[in-house]
Amino acid sequence: MIPLPIPARRSMNVLSRLQAAFQSVLENMVPEHGPYLEMIRPAQDARFGDYQANMAMPLGKKIGLPPREVAQKIIDQLDISNWCETPEIAGPGFINLKLKTDWIANELSTMLKDPNLGVSSAAAPKTYILDYSSPNVAKPMHVGHIRSTVIGDSLARILRFVGHRVITDNHLGDWGTQFGMIIYGYKHFVDEERYKRTPIDELGRLYRFVRRLMDYHYSQASLPDLSSQIFKLAEQAKQKEEQLEGAAKPDAKKLRKELARLNEKRKDTQNQLAKAEQLIQDVEQDESLLQVANAHSGINQAVLNETADLHAGDPTNRQLWDEFLPACRDDIQKIYQRLDIDFDHELGESFYQPWLGEVVEEFKSRGLATESDGALCVFLDAFDSPMIIQKRDGAFLYATTDLATIRYRMQKWNPDVVLYVVDHRQHEHFAKLFAAADVWGYEQTEFRHVAFGTVMGPDGKPYKTRSGDTVGLEGLLDEAVQRARSVVDQNLEKSADLKFEEAERQQIAEVVGLGALKYADLSQNRASDYEFSYDKMLALKGNTAPYLLYPYARVNGIFAKGEIDSSTFRQAVKGLTLDRDQERRLGLLLLRFENALAESLVDYTPNTLANYLYELTAGFGQFYEKCKVLEAENETARQTRLALCDLVRRTLKTGLSLLGIDVVERM
RNA sequence: GUCCCGGUAGCUCAGCUGGAUAGAGCAGCUGACUUCUAAUCAGCAGGUCACAGGUUCGAAUCCUGUCCGGGAUGCCA
């Protein structure tokens with residue numbers, strides 16, 4: 001498939017215009033001018049102008065001239081006088097650039113009339129495949145799925161918006177042990193009546209029930225081992241303590257460290273033991289449940305067998321799987337619908353089963369994989385351990401499916417870039433996978449692991465419920481909305497003149513709650529772990545969804561009060577004049593939108609866009625405080641401010657939509 | 001053991017492809033609602049950017065080492 005040509009639009013990107021101007025000067029001064037163009041950036045301090053160019057210092061070094069002299073040479077040849085003030089040289093050789101205010105005003109009126117807010121399409125559109133969310137079906141989705149889902153969705157939206165061809169694919173886990181579990185559950189414990197009426201609920205119940213029985217037996221089996229481990233660790237700790245008594249200083253430090261580590265480990269193991277005992281106790285407290293558990297003492301192995309039978313093509317299990325899968329998929333679909341997320345494809349692990357053998361054969365026949373300890377391994381430079389693609393018992397693995405997936409995607413879509421939005425713990429797996437893809441012959445494609453950190457609880461540990469279970473995603477969404485609702489109600493109590501009916505309150509709560517949840521995630525640097533807190537994500541100030549949603553509603557309020565029709569207004573606007581500082585600053589911020597999008601794609605970091613929107617909102621706040629809109633000093637000021645308001649509103653709406661967040665007309 | 005990620009204000013976090021005096025929000029203190037929505041705005045205070053070296057005209061940012069935290073580590077995904 002050939003990418004469709006995309007009509008070029010006029011770019012509002014100040015930075016790329018400056019770069020173009022500098023390029024024609026630098027071309028004559030230095031052969032490798034690319035890196036120097038990167039040294040143009042928005043000024044950090046308003047006193048230094050609007051933009052600054054920092055290349056004179058390194059350039060001076062390179063060509064052996066004083067930096068300030070180099071700066072002067074550049075300025076002399078720079079052809080920007082019709083849209084910039086005369087550049088100034090400061091300090092060791094910074095070139096400070098200030099845009100002509102009239103020019104900014106002019107750009108803004110163009111932006112006002114452009115439905116795309118001046119964002120031009122990518123000059124060279126690429127094909128991207130985005131692999132994200134990828135939950136195990138038949139297990140309830142939990143808090144761990146939110147990041148992949150939300151980050152991947154946002155990246156897909158941004159890439160599309162700037163004109164790339166984007167294919168999103170939800171690589172569902174639909175072929176794993178969890179199906180062995182519900183098959184076993186169905187065969188032994190199904191409530192036919194319930195299954196007919198509400199299959200999803202019944203399958204969910206079966207999954208949890210079997211999980212419980214398995215945990216029970218597994219815990220029992222692990223008790224002796226855990227106890228003896230604790231004993232051993234205690235012994236070792238005692239030994240260390242004795243050694244420590246007579247140890248010299250340098251050794252003592254090392255010993256103390258080892259001792260601390262041993263104690264830590266013992267504590268961990270004790271916790272494991274306590275948890276196992278709890279699981280056992282839970283079952284034993286219930287007489288009838290205990291009887292069932294005892295009657296199914298071989299359940300753990302039996303579940304593995306059911307899974308193996310399914311994979312081997314056993315007709316009964318296959319038929320059950322065919323029956324269960326649609327129900328399971330519908331179930332997760334409900335969550336996606338609520339989060340407004342959809343995929344072009346949902347090709348799960350099962351989809352690739354028919355080709356795993358072929359892939360393995362190819363690796364074998366081409367000498368890319370060799371046998372080691374009975375397993376088929378791909379040995380890769382730069383890795384100590386190989387990537388195993390077939391187990392000793394002949395079974396295939398995660399890595400095998402991933403390779404087959406790569407082959408399928410290459411053949412079907414021939415992507416330039418494939419992004420895997422998966423948590424950071426799988427980094428090494430992907431490093432190996434990509435290295436394998438490389439030797440396989442796909443070295444021209446960029447494979448990229450877009451890694452992200454863990455969602456933490458207030459205790460600084462992975463977010464869990466009080467009883468230590470993972471937090472279900474559906475409940476998470478409900479609570480966010482419910483808390484947003486109480487914020488809505490609280491605020492409406494304060495202002496008597498605003499009247500909101502029940503339905504609108506609920507709708508605002510839904511948008512704000514889900515928006516807050518997504519925004520909390522997306523405003524964070526994806527690489528770091530982050531602390532989950534309803535209170536923080538729903539705060540009215542700071543880098544939160546409610547704060548960003550507010551100016552949108554405010555601007556709507558202004559237009560409503562002034563009885564101004566937006567589209568008529570946009571067409572009618574003649575010229576803008578940015579007299580006030582706040583107006584000019586806000587205008588500059590608005591012109592940076594396209595650049596913010598580009599920056600968020602450099603390293604696939606939606607938080608770059610989120611931070612920009614936050615800055616824009618803060619800039620609007622200052623403007624709003626100082627500049628009356630409807631009752632401006634004169635008609636031109638009024639027009640200018642209405643235009644700025646309209647641009648802020650649209651930029652926020654568009655920007656938030658690229659984060660997958662909806663807006664409310666008033667709040 | 002090896003490898004990967006992190007350590008920035010009391011707390012939660014931006015900034016990290018090197019740039020001028022390190023930024024937000026919360027918490028603390030002070031102010032601003034007869035006003036286009038105060039779900040807001042203005043101000044004060046708060047820092048050895050873990051530590052030590054190095055590269056550089058210039059380092060929170062790059063390199064090396066140390067400490068601390070998390071993760072991965074041959075047949076789970």
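Naming convention: chains lettered A, B, ... in sequence-line order (proteins, then strands); numbering from 1 in each chain.
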Grab the CZ-P distance between A:R47 and B:rU21 for me, whole Å please. 9 Å
The Watson-Crick or G-U wobble partner of B:rC3, with both key distances under 3.5 Å, is B:rG71
At 4.0 Å (heavy atoms only), tell me whether A:G557 reaches a base, stays on the sugar-phosphate, or touches nothing. sugar-phosphate
Which whole number of Å gives the distance between the C1' atom of B:rC49 and that of B:rG15? 11 Å
Partner nucleotide, any strand, of B:rC26 [Watson-Crick/G-U, under 3.5 Å]: B:rG10
Mate of B:rC41 across any strand shown (Watson-Crick or G-U wobble, both atom pairs under 3.5 Å) is B:rG31
Report the distance from atom CG of A:D603 to atom P of B:rU61, rounded to the nearest whole Å. 18 Å
Pairing nucleotide - B:rU66, Watson-Crick or G-U, each distance under 3.5 Å: B:rA50
Gap in Å between the two C1' atoms, one belonging to B:rU8 and one to B:rA24, rounded: 13 Å
Would you say the base of B:rA77 and the side-chain of A:D423 have a donor-acceptor pair closer than 3.5 Å? no
Stacking check: are the rings of A:F94 and B:rG19 less than 5.5 Å apart at their centres and under 30 degrees in tilt? no
Kindly say whether, by distance alone, the side chain of A:Q622 makes a donor-acceptor pair under 3.5 Å with the base of B:rA42? no
